[in-house]
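The figures that follow rest on heavy atoms only: side chains count, while hydrogens, waters and symmetry mates do not. On a predicted model such as this, the values are computed, not experimentally measured, just so you know. Chain A is the first sequence line, chain B the second, and so forth, proteins listed ahead of strands; every chain is numbered from 1.
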Protein chains: 2
Amino acid sequence: MNRTASIKDVANHASVAVGTVSNVLNYPDRVSERTKERVLRAIDELGFVRNDAARQLRAGHSRTIGLIVLDVGNPFFTSVVRAAEDAAALQGSAVLLGDSGHDAGREANYIDLFQEQRVQGLLISPVGDVTERLDLLRERGVPTVLVDRLADEEKFSSVAVDDDAGGYLAARHLLDTGRRRLAFVGGSTSIRQVADRLQGARRAVKEEPDATLEVLVSEGMTVLAGRSVGNTLVERNREDLPDGIFCANDLLALGIMQSLTMTHTLRIPEDIALIGYDDIDFAVSAVVPLSSIRQPTEALGRTAIELLAEEVEAQHPRHRAVIFTPELVVRQSTGTPSAN
Amino acid sequence: MNRTASIKDVANHASVAVGTVSNVLNYPDRVSERTKERVLRAIDELGFVRNDAARQLRAGHSRTIGLIVLDVGNPFFTSVVRAAEDAAALQGSAVLLGDSGHDAGREANYIDLFQEQRVQGLLISPVGDVTERLDLLRERGVPTVLVDRLADEEKFSSVAVDDDAGGYLAARHLLDTGRRRLAFVGGSTSIRQVADRLQGARRAVKEEPDATLEVLVSEGMTVLAGRSVGNTLVERNREDLPDGIFCANDLLALGIMQSLTMTHTLRIPEDIALIGYDDIDFAVSAVVPLSSIRQPTEALGRTAIELLAEEVEAQHPRHRAVIFTPELVVRQSTGTPSAN
DNA sequence: GTGCATCTTTGAATCGTTTCATTGTTACGA
DNA sequence: TCGTAACAATGAAACGATTCAAAGATGCAC
């Protein structure tokens, strides 16, 4: 197996200098048509492919951006990744994707790997408290943008979604469609997202003097957890039931929907309206299509890349925190009771 | 911002030769304790990080493996990726992940990018018919292993799952639990996976003289497609109904489950048993936990890396095709009728 | 034909690491 | 004290692309 051709081989094969081959690749205008043609033919015949290592060694930096997410399987991140890749491609960079899987060790490995690769910068959705590790990156001069996490604006730029606003949107929607006895279902409020969404819901409920908000804590944020909450609800007396439920994510909502529709004593949305959070694929194809709060993941990914570009270009980086507002998606599960 | 320190800076700072620093990093045994200590201190003080570009320029190849999947959001691939990353880490390589999103253009971009990066090899789950592009890779001497797709064994190694066996498993299980009037639900049989699973099911049904298999073609392979198939079923006369349904994926099965449980005229599994394919997360938390066929994704990812290592090491690569057999996961949706 | 401006092409130097032949050092037995 | 083996440290060369000052070619006006 012959090793891959280098620019020198191409130069020999086309009987020109190496500098000329380089010019054909990087500054085609500087080269005459005749030579350009000859060089391109040589490149083709030898199957030459640029060696990026040599290129970036000379350049001092790569054309890649590192992106570390908590879980590529999570549709939220999948969508962010797509958008980031597309935005990076527009500015001629490629994205190296790392999946930490919520594991600090894996995350550390990727940070090291990307640093050795001399990525232009790093987008990261960090595992827990990584301030220490990230500070190190900052010292080393690796431009970094935090994704889906707010940061000390002195130190980092960041993009995030306003969960408080999302919670407000959801609760406000339930109130607007006439519900007054609301319930919030979520896992532990020690999860920042859950706490914020609840806080936003509280804010909305306070706007209506006759509205109440009950908080139900679930065991985790899964379909099964939702179903077990739902099962406790169906056992209640009719008059003790909420008439609108806001779940901290769609899985919980789907679980509750399962238990309510299975028993057939309570109808959605006539007796109880239900709204989730995240707008996962399954929301639209649930037995009763689920209303939800959609996060602007495309904007997140795109903006993260843009902020990173700012960091790279600026000499004295002014960090910025960009916060997006999520969007209400109305489906049948919160249809106005009167409308049915 | 001062540029990152090089091995030379470290050498100066520690008053040793560059070769010594390199030895500390790569062959610690060759260096005396005293010097090693001094060098490590210098590395720490200067915040030195290896420049991988220079390293791989010298070495002629990188320590990374390219992995291009059709859709990182698909749990099947997510799991394959995890396993591949872990297996690669064991042999000291890192995985560069690319998501083609079923788009040939994105796929091509990643192939080019990875080639320029001089990856050790490529694992790819190709979009459609990419034989041309892959042949080019082969000519260029980039070791390549196809994932989830069989390949001409003359040309490539590959790992895949035996869909025929999976179909057989599913149908055999329905037969073993006493069903005789089976139905297969799937999208177009022009999709290879669907055709193979159906073929396997047919094979099983032929083993029972009194068993029949009806084929229902759905519009796509989504929950909604499944629900619409389910709706046509509930309108049938009881005696025309199948007593066991095998769906080409879990989404279809969940859709059918929705329509059957909504109308409450047919019970799962008493009246109709239901089994899906893929064992997605939602299968276990369905209203009636869904039996399914699980694909050995971890083994796929691990083996793909191992086959690639074989290709890299062997001078005259003997290609191998490794085919895994999927696994039956029994849940309530196919509980034996007598048992209930 | 000469001078000058413009356009092409050249090739040595450079990036940061690893390699390896060479030189320097140490320890120990004769 | 000398010779020698074992161990440490050295530093120039090499990897392949880009850069850029300099040389060469071409065209045009006079």
Side-chain angles (χ1 to χ4, degrees), chain A residues 2-40 42-43 46-64 92 112-113 115-120 140, chain B residues 2-40 42-43 46-64 92 112-113 115-120 140:
Chain A
N2 33 4
R3 80 191 197 328
T4 44
S6 77
I7 214 175
K8 209 177 202 164
D9 301 322
V10 174
N12 287 338
H13 196 264
S15 311
V16 296
V18 291
T20 304
V21 178
S22 175
N23 282 335
V24 169
L25 294 169
N26 301 296
Y27 307 94
D29 295 349
R30 292 190 192 161
V31 184
S32 73
E33 275 309 317
R34 252 174 50 84
T35 348
K36 201 189 308 183
E37 218 169 85
R38 215 141 40 91
V39 170
L40 289 176
I43 286 177
L46 298 179
F48 165 79
V49 176
R50 255 208 200 75
N51 184 326
D52 200 57
R55 192 226 271 262
Q56 90 177 51
L57 174 58
R58 184 65 233 260
H61 62 91
S62 75
R63 284 156 29 261
T64 55
D112 289 347
L113 176 67
Q115 251 191 110
E116 293 192 359
Q117 304 265 4
R118 295 291 190 275
V119 292
Q120 294 180 310
R140 300 244 173 94
Chain B
N2 34 3
R3 78 191 198 330
T4 43
S6 77
I7 215 176
K8 208 176 201 166
D9 300 323
V10 174
N12 286 338
H13 196 263
S15 312
V16 297
V18 291
T20 304
V21 178
S22 175
N23 281 335
V24 170
L25 295 168
N26 301 296
Y27 308 94
D29 294 350
R30 293 189 191 161
V31 184
S32 73
E33 275 309 318
R34 253 175 50 84
T35 2
K36 201 190 308 185
E37 217 169 85
R38 214 142 40 92
V39 170
L40 289 177
I43 286 177
L46 298 179
F48 166 79
V49 176
R50 255 208 200 76
N51 183 327
D52 199 58
R55 189 227 272 261
Q56 89 177 52
L57 174 58
R58 183 66 235 257
H61 63 91
S62 73
R63 283 155 30 262
T64 56
D112 289 346
L113 176 67
Q115 251 192 110
E116 293 192 359
Q117 303 265 2
R118 294 290 189 275
V119 292
Q120 294 180 308
R140 300 245 173 91

For nucleotides 21-25 of chain D, tabulate all protein N/O to nucleotide N/O atom pairs closer than 3.5 Å, reporting atom names and distance.
none

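At a threshold of 4.0 angstrom between heavy atoms, the contacts of Asn26(A) are confined to the sugar-phosphate backbone, with no base atom among them.
Between Asn51(A) atom CG and Gln56(A) atom CD the span is 9.5 Å, to the nearest 0.5 Å.
For Leu40(A), the side chain to side chain contact (heavy atoms under 4.5 Å, CB included) test picks out Val24(A), Lys36(A), Ile43(A), with sequence neighbours left out. Among residues two or more places apart in sequence or in another chain, the side chain to side chain contact (heavy atoms under 4.5 Å, CB included) test is passed with Arg30(A) by Asn23(A), Tyr27(A). Every residue two or more places apart in sequence or in another chain that forms a side chain to side chain contact (heavy atoms under 4.5 Å, CB included) with Ser22(B) is listed here: Ile7(B), Asn26(B). Here Ser15(A) pairs with nothing under the side-chain hydrogen bond (donor to acceptor under 3.5 Å, both in side chains) rule; sequence neighbours left out. A search for side chain to side chain contact (heavy atoms under 4.5 Å, CB included) contacts involving Thr64(B) returns Gln117(A), Ser62(B), Ala94(B), Leu96(B), Val119(B), not counting sequence neighbours. Legend: residues meeting side-chain hydrogen bond (donor to acceptor under 3.5 Å, both in side chains) with Thr20(A), ordered by chain and number and at least two apart, are absent.
In this structure, the side chains of Thr4(B) and Arg118(A) come closer than 4.5 Å at one or more pairs of heavy atoms. At least one side-chain heavy atom of Thr35(B) sits under 4.5 Å from a side-chain heavy atom of Val16(B).
Rounded to 10 degrees, the angle separating the terminal axes of the helix from dG1(C)-dC30(D) to dA30(C)-dT1(D) is 50°, with each axis obtained from five end pairs.
If you take CZ of Phe48(A) and C1' of dA17(D), they are 8 Å apart, rounded to a whole angstrom. The interatomic distance linking Asn51(B) (CG) with dA17(D) (P) rounds to 16 Å, in whole Å. Atom P of nucleotide dT10(C) and atom NZ of Lys8(A) are separated by 15 Å, given to the nearest angstrom. One interatomic measurement links the two molecules: CD of Gln117(A) to C1' of dC15(C), which rounds to 17 Å at whole-angstrom precision. For Arg50(A) and dC15(D), the CZ to C1' distance is 17 Å, given to the nearest whole Å. As a whole-Å value, the separation of Ile7(A) CD1 from dT10(C) P is 13 Å. His61(A) has its NE2 atom 17 Å from the P atom of dA17(D), to the nearest Å. The distance from atom CG of Asp52(B) to atom P of dG16(C) is 14 Å, rounded to the nearest whole Å.
When the side-chain nitrogen and oxygen atoms of Tyr27(B) are compared with OP1 and OP2 of dT19(C), one or more of them lie within a distance under 4.0 Å.
Side chain of Ser6(B), nearest nucleotide from dC15(C), dT18(D), dT17(C): dT17(C).
Every pair passing salt bridge (Lys or Arg N to Asp or Glu O under 4.0 Å) that includes a residue from residues 47-64 of chain A is listed here, sequence neighbours excluded: Asp52(A)-Arg55(A), Asp52(A)-Arg63(A), Arg63(A)-Glu116(B).
Remark: the backbone N or O of Asp9(B) is not paired with any side-chain donor or acceptor of Asn12(B) at under 3.5 angstrom.
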- Task: Can you check each nucleotide of nucleotides 7-14 of chain D against protein heavy atoms at under 4.0 Å and return B for base, S for sugar-phosphate only, - for none, in 5' to 3' order?
- Result: -SSBB-BB
